[in-house]
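Each chain gets a letter, A, B and so on, in the order the sequences are listed, and its residues count up from 1.
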Amino acid sequence: MLSSLRVGHFFKHLSRTLISPSSSFTHTYKLFPIIPNLRENHSLIQTIVRRSSTSSDNWTDVSTAPYFSVRIRCRKDGADMLSDALLCFGASSASMDEKDSCESTDEIYISSIFTECQDIGTCISYAADSIGLKERPTYEITKDEQCDWIIKSQESFHPVEITEGLWIVPEWKTPPELKATNIILNPGLAFGTGEHPTTKLCLLLLRSLIKGDEFFLDYGTGSGILGIAALKFGAALSVGVDIDPNAIVCAHMNAALNNIEPGQMQFCVVPTNMVYTFKDGRAYADGDQSPDGLGVLTETEKYDVVIANILLNPLLELAENIIAYAKPGGIVGISGVLTEQLPQIEDRYSEYLEGISVSEIDGWACLSGIKKNTV
Amino acid sequence: MATVSEILAHRPLLATIRLTVPAGAARPAPPVGPALGQYRLNLMAFCKDFNARTQKYKPDTPMAVLITAFKDNTFEFTVRSPSVTWYLKKAAGIESGSGRAGHEVASTLTLKHIYEIAKVKQSDPFCQYMSLESISKSIIGTANTMGITVLKELE
């Protein structure tokens with residue numbers, strides 16, 4: 001199928017399209033609602049890269065900046081304290097490998113990561129001093145690139161069977177069951193590989209709801225997995241929104257990997273501080289934002305199924321928004337919350353939903369209900 | 001011969017990782033990305049889990065995280081709220097404590113501030129069995145070492 005060369009190509013472009021604060025970058029995403037042909041995703045990504053690299057060819061973007069890895073040698077018995085101290089004095093992280101028990105030295109290496117250009121030597125001195133070490137421990141600095149850990153974290157992604165006949169398969173592996181519904185994914189750095197309990201809960205919910213020809217809204221689309229799954233189950237249209245432009249790029253590529261037809265899936269980046277007002281069945285962006293800032297999200301009461309798999313706080317804040325997009329009598333699914341957070345969601349959403357049911361896996365919960373007609 | 005933590009966890013230990021991550025804002029980028037990525041841990045699962053568990057804290061509060069990674073690529077983590085000194089500095093509105101504690105006063109706080117801090121600290125895994133009174137006493141002690149005076153009420 002798709003060779004590893006394509007994966008490397010994707011990462012090269014992804015690392016250059018990661019979020020940058022400059023406003024010219026967010027402008028590029030206005031293209032998405034009117035994308036004519038998803039099969040041309042290759043040239044699309046190139047357009048984005050060309051636009052963004054003109055504005056952000058510097059290292060102020062933390063995600064693409066190189067970082068420094070420092071290996072510090074110290075005694076085993078002071079290592080925990082030194083790790084804590086390093087964090088207080090400027091290190092981003094401090095890790096220690098477990099030594100194999102056959103080695104008898106009493107020394108251990110701490111690997112520490114520093115993201116900012118700072119005097120690493122001074123930081124280590126302060127840390128050592130604060131815990132009473134007489135001299136600064138020996139250390140070695142290496143400069144690492146972002147792509148190293150990105151590629152390593154991808155290696156932990158394997159095919160997952162959600163339920164009988166439904167598999168999520170990484171782009172670089174062959175599906176174990178060719179006859180099953182296989183969703184091919186290259187998740188990049190966006191959420192949704194099928195392995196997390198909340199993704200499973202939402203996929204199972206979708207499977208039970210989609211009968212054919214529905215309109216589906218994936219609020220917080222991440223890798224686009226739910227939107228793609230809905231289409232594979234028979235929905236007519238999937239719309240995926242996210243606050244992270246990275247996720248939208250990812251979802252686009254995944255849609256192409258699954259041979260989704262151009263008209264079937266649309267995307268939109270939603271800025272986090274956007275305030276909507278709803279009037280006469282349409283949504284309007286706040287004040288000085290242009291109306292097409294909302295892209296595909298201008299029509300309310302359009303969707304038969306809406307699923308939002310995000311986090312407790314945004315779910316509470318955006319309840320009105322999420323509900324507004326569902327048709328009366330449509331189903332709304334809420335996930336990304338722990339079981340202990342469920343009562344807050346129930347309180348907030350019971351105003352708008354009836355026939356509420358809850359499913360749980362491993363301490364994570366998914367709540368679904370039917371939108372009341374009187375809202 | 002297995003170590004104590006390995007015996008308790010029933011799994012061979014790979015590494016321990018310490019990080020500071022803002023509450024509700026874990027992303028697959030530094031510091032989380034490189035630190036977990038180098039051990040092939042599932043980044044997104046950690047971010048989702050961490051963000052969900054820290055929803056109750058004020059957004060972007062720097063949380064101290066300790067991750068225990070096992071050889072089978074699974075992991076567990078505990079989250080602690082920021083250090084008492086961080087809360088005290090924030091409450092008093094100062095960048096650092098007084099250089100000469102006991103002689104020079106950096107700032108003043110009231111008992112109400114201490115009580116609020118103690119309430120947050122009580123949800124830490126290490127403080128759950130302590131009474132609010134004993135947590136408050138310990139916080140007042142820390143404040144004194146930083147040169148912050150604690151008064152019953154602001155005059």
Closest approach of [X] and [Y], non-hydrogen atoms and distance?
| X | Y | result |
| --- | --- | --- |
| D242(A) | G220(A) | OD2-C, 3.5 Å |
| V70(A) | I120(A) | CG2-CG2, 3.8 Å |
| G194(A) | I162(A) | O-CD1, 3.4 Å |
| C202(A) | I307(A) | SG-CG2, 3.8 Å |
| F157(A) | K173(A) | O-NZ, 3.8 Å |
| W364(A) | G336(A) | CZ3-O, 3.9 Å |

Please report the interatomic distance [atom1]([X]) to [atom2]([Y]), rounded to the nearest 0.5 Å.
| X | Y | atom1 | atom2 | answer |
| --- | --- | --- | --- | --- |
| D84(A) | R80(B) | CG | CZ | 5.5 Å |
| L338(A) | T198(A) | CG | OG1 | 10.0 Å |
| I334(A) | C366(A) | CD1 | SG | 8.0 Å |
| T16(B) | I67(B) | OG1 | CD1 | 10.0 Å |
| E195(A) | I168(A) | CD | CD1 | 10.0 Å |
| E140(A) | S111(A) | CD | OG | 10.0 Å |

Report, by ascending residue number, the residues of [range] in heavy-atom contact with chain A at a distance under 4.5 Å; give 'none' if the set is empty.
| range | answer |
| --- | --- |
| residues 51-58 of chain B | N51(B), A52(B), R53(B), Q55(B) |
| residues 42-50 of chain B | N42(B), L43(B), M44(B), A45(B), K48(B), D49(B) |
| residues 131-142 of chain B | none |

Contact class of I110(A) relative to chain B, heavy atoms under 4.5 angstrom: neither

Identify which part of I113(A) has an atom lying under 4.5 Å from any heavy atom of chain B, answering side chain, backbone, both or neither. side chain

What pairs with Y126(A) under ring-ring contact (aromatic ring centres under 6.0 Å, His included), at least two apart in sequence or on another chain? F89(A)

Quick one: are C74(A) and I108(A) in side-chain contact, heavy atoms under 4.5 Å? yes

Most heavy-atom pairs under 4.5 angstrom with chain B, which of L311(A), I310(A), T199(A)? L311(A)

